[in-house]
Asker: 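Handing you a structure now.
Quick caveat, the model's predicted, so the values are computed rather than measured.
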Amino acid sequence: YALAGVLASTQLVEWPLVKADAEVAATLTEVQRQIVDVELRFDYAKAYAYGKAWITLKPHFYPTDSVVLDAKGMDIAAAGLFRNKTVQPLPYSYDGKYLTLHLDRNYTKSETYTVYVDYTAKPNEYKEAKGSAAITSAKGLYFINPDGSEKGVPTQIWTQGETEGTSVWCPTIDRPNQKSTQEFLLTVPDKYVSLSNGLLIAKKQNPDGTRTDTWKMERSEERRVGK
């Protein structure tokens, strides 16, 4: 993913699981397709990202009445089923790592459904983000010199999703075998430039001095690559 609103289409492949959470294993085998719409704005002082995500899913084979999303270290303000341009609240549970939403009924492999999540991502406060020898951090979203106090260092926000860092700043099914198209809506101070995969298809000036850029990526790519 990148720093904007997301439209993603995903084909999920079943793969061997070792010591996996039962909920995560169920998600990997149940979900076939994922469409995600994400709107993001940022608090530079706190290093927070305020997001709204619309995630459309389709059961892979068996009927399902719940879905588990990776959502690490977030504050969840609301979650529900999105239908006819309205949000129907759903019961959910969240343990700081996985967000489990209980749907209104069973959905079959011929049906799709869309869930909505209103959240705050706090990457600098997520202490369980462990990287690898090659990439030592896995907090996904990085605020560089956000207050401009470091001379010669530009103020930046950037993402690094490999291998499962995207879910620190965007609820998703965060696995390396996930591929999707994307559409990101990113609201930033007007003085800044945004950059993402795909094409910049729209710019909107806002009354508060910010600008919302819309980036669209129509070719499927891995979850960790989106930026």
Asker: Does either side chain, that of T120 or that of D75, offer a donor lying less than 3.5 Å from an acceptor on the other one?
Answerer: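 There is no such pair between these side chains.
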Asker: Begin with the C-alpha distance, continue with both residues' side-chain angles, and end with the deciding distance and a verdict on side-chain contact (heavy atoms from CB on, under 4.5 Å) for E39 and T187.
Answerer: CA-CA 8 Å; E39 298 178 359; T187 298; over 6 Å; no
Asker: Are side-chain N/O atoms of S194 and W215 paired as donor and acceptor at under 3.5 Å?
Answerer: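 Yes.
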Asker: To the nearest 0.5 angstrom, please state how far the OG1 atom of T166 sits from the CG atom of D70.
Answerer: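 That separation rounds to 10.0 Å.
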Asker: Mind checking salt bridge (charged side-chain N to carboxylate O under 4.0 Å, His left out) for K52 and listing every partner two or more places apart, or none if nothing turns up?
Answerer: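 Expected list: none.
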Asker: Any chance you could lay out the side-chain contact (heavy atoms from CB on, under 4.5 Å) test for F42 and L186, step after step, and finish with the verdict?
Answerer: CA-CA 9 Å; F42 305 93; L186 170 64; 2.7 Å; yes
Asker: Does the side chain of D190 pick up a donor-acceptor pair with the side chain of Q205 at under 3.5 Å?
Answerer: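 Note: D190 and Q205 side chains meet the donor-acceptor criterion.
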Asker: For D43, enumerate each residue passing the side chain to side chain contact (heavy atoms under 4.5 Å, CB included) test, keeping only those at least two apart in sequence or located in another chain.
Answerer: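 If we apply the side chain to side chain contact (heavy atoms under 4.5 Å, CB included) test to D43, skipping adjacent residues, the hits are A45, K46, Y48, Y50.
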Asker: How many angstroms lie between atom OH of Y126 and atom CG of L141, to the nearest 0.5 angstrom?
Answerer: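 That separation rounds to 14.0 Å.
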Asker: Could you tell me whether a side-chain N or O of K127 sits under 3.5 Å from a main-chain N or O of N124, the two making a donor and an acceptor?
Answerer: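 Yes; judged by distance alone, with no hydrogens or angles, the pair exists.
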Asker: Would you give the length of the straight line joining atom CG of L57 to atom CG of L103, rounded to the nearest 0.5 angstrom?
Answerer: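 Spacing of CG (L57) from CG (L103) equals 8.5 Å.
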Asker: I need the full list of salt bridge (Lys or Arg N to Asp or Glu O under 4.0 Å) pairs touching residues 96-105, with sequence neighbours left out, sorted by first then second residue.
Answerer: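 Non-adjacent pairs meeting salt bridge (Lys or Arg N to Asp or Glu O under 4.0 Å): R83-D104, R105-E111.
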Asker: Sequence neighbours left out, what passes side chain to side chain contact (heavy atoms under 4.5 Å, CB included) with N106? Give chain and number order.
Answerer: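 Applying side chain to side chain contact (heavy atoms under 4.5 Å, CB included) to N106 gives P63, D65.
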Asker: Quick check, are the ring centers of Y62 and Y107 under 6.0 angstrom apart?
Answerer: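 Y62 vs Y107: aromatic centres not under 6.0 Å.
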Asker: By side chain to side chain donor-acceptor pair (under 3.5 Å), which residues pair with T86, not counting sequence neighbours?
Answerer: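 With sequence neighbours excluded, T86 shows a side chain to side chain donor-acceptor pair (under 3.5 Å) to no residue whatsoever.
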Asker: Please determine whether residues V193 and W158 belong to a single hydrophobic cluster, defined as Ile, Leu, Val, Met, Phe, Trp and Tyr linked transitively by side-chain heavy-atom distances below 4.5 Å.
Answerer: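 Cluster IDs for V193 and W158 differ.
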Asker: Starting at OG1 of T212, measure out to CG of L40 and round the result to the nearest 0.5 Å.
Answerer: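 One finds 11.0 Å between OG1 of T212 and CG of L40.
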Asker: Angle between ring planes, Y192 versus Y44, binned at 30° and 60°: parallel, tilted or perpendicular?
Answerer: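 Y192 vs Y44 ring planes: tilted.
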Asker: Could you go step by step and tell me if L69 and T172 meet the side-chain contact (heavy atoms from CB on, under 4.5 Å) rule?
Answerer: CA-CA 5 Å; L69 301 175; T172 185; over 6 Å; no
Asker: To check you understand the geometry: which heavy-atom pair defines the closest contact between Y113 and T64, and what is its length?
Answerer: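 Looks like OH-CG2, 4.2 Å.
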Asker: Heavy-atom distance under 4.5 Å between the side chains of T214 and L200, does that happen here?
Answerer: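 Counting from C-beta outward, T214 and L200 never come under 4.5 Å.
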Asker: Of all the heavy-atom pairs spanning Y119 and C170, show the shortest one and how long it is.
Answerer: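 So the minimum-distance heavy-atom pair works out to OH-CA, 3.7 Å.
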Asker: Taking only residues two or more places apart in sequence, or in another chain, which ones meet D118 in a salt bridge (charged side-chain N to carboxylate O under 4.0 Å, His left out)?
Answerer: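 Checked D118 against salt bridge (charged side-chain N to carboxylate O under 4.0 Å, His left out); zero matches.
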Asker: Could you work out, with side chain to side chain contact (heavy atoms under 4.5 Å, CB included) as the rule, every residue matching D208, not counting sequence neighbours?
Answerer: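 Checked D208 against side chain to side chain contact (heavy atoms under 4.5 Å, CB included); matches are N206, T210.
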Asker: Start with the C-alpha gap between K203 and R211, add the side-chain angles, then the distance that decides, and say whether side-chain contact (heavy atoms from CB on, under 4.5 Å) holds.
Answerer: CA-CA 7 Å; K203 289 186 176 183; R211 187 188 70 254; 4.2 Å; yes
Asker: Could I get the full list of side chain to side chain donor-acceptor pair (under 3.5 Å) partners for T114, not counting sequence neighbours?
Answerer: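 So T114 forms a side chain to side chain donor-acceptor pair (under 3.5 Å) with T56.
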Asker: Which value, rounded to the nearest 0.5 Å, describes the distance between T155 atom OG1 and N145 atom CG?
Answerer: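 Taking OG1 in T155 and CG in N145, the distance rounds to 4.5 Å.
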Asker: Can a donor-acceptor pair be found between the side chains of S167 and K72 at a distance below 3.5 Å?
Answerer: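 A pair is found: one side chain offers a donor N or O, the other an acceptor, under 3.5 Å apart.
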Asker: What's the separation between atom OG1 in T159 and atom OH in Y142, rounded to the nearest 0.5 Å?
Answerer: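 So the OG1 of T159 and the OH of Y142 are separated by 9.5 Å.
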Asker: Which residues pass the salt bridge (charged side-chain N to carboxylate O under 4.0 Å, His left out) test with E150, sequence neighbours left out?
Answerer: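 Applying salt bridge (charged side-chain N to carboxylate O under 4.0 Å, His left out) to E150 gives none.
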Asker: Checking Y116 now: which residues fulfil ring-ring contact (aromatic ring centres under 6.0 Å, His included) with it, not counting sequence neighbours?
Answerer: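 ring-ring contact (aromatic ring centres under 6.0 Å, His included) list for Y116, sorted by chain: W54.
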Asker: What residues form a side chain to side chain contact (heavy atoms under 4.5 Å, CB included) with A71, not counting sequence neighbours?
Answerer: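 A71 satisfies side chain to side chain contact (heavy atoms under 4.5 Å, CB included) with M74, Y94, L99, P171 once adjacent residues are dropped.
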Asker: For a quick check under 3.5 Å, do D147 and S149 share a side-chain donor-acceptor pair by atom type?
Answerer: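 Yes - a donor-acceptor pair under 3.5 Å links their side chains.
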Asker: Considering residues at least two apart in sequence or located in another chain, which fulfil the salt bridge (charged side-chain N to carboxylate O under 4.0 Å, His left out) criterion with R41?
Answerer: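 Residues passing salt bridge (charged side-chain N to carboxylate O under 4.0 Å, His left out) with R41: none at all.
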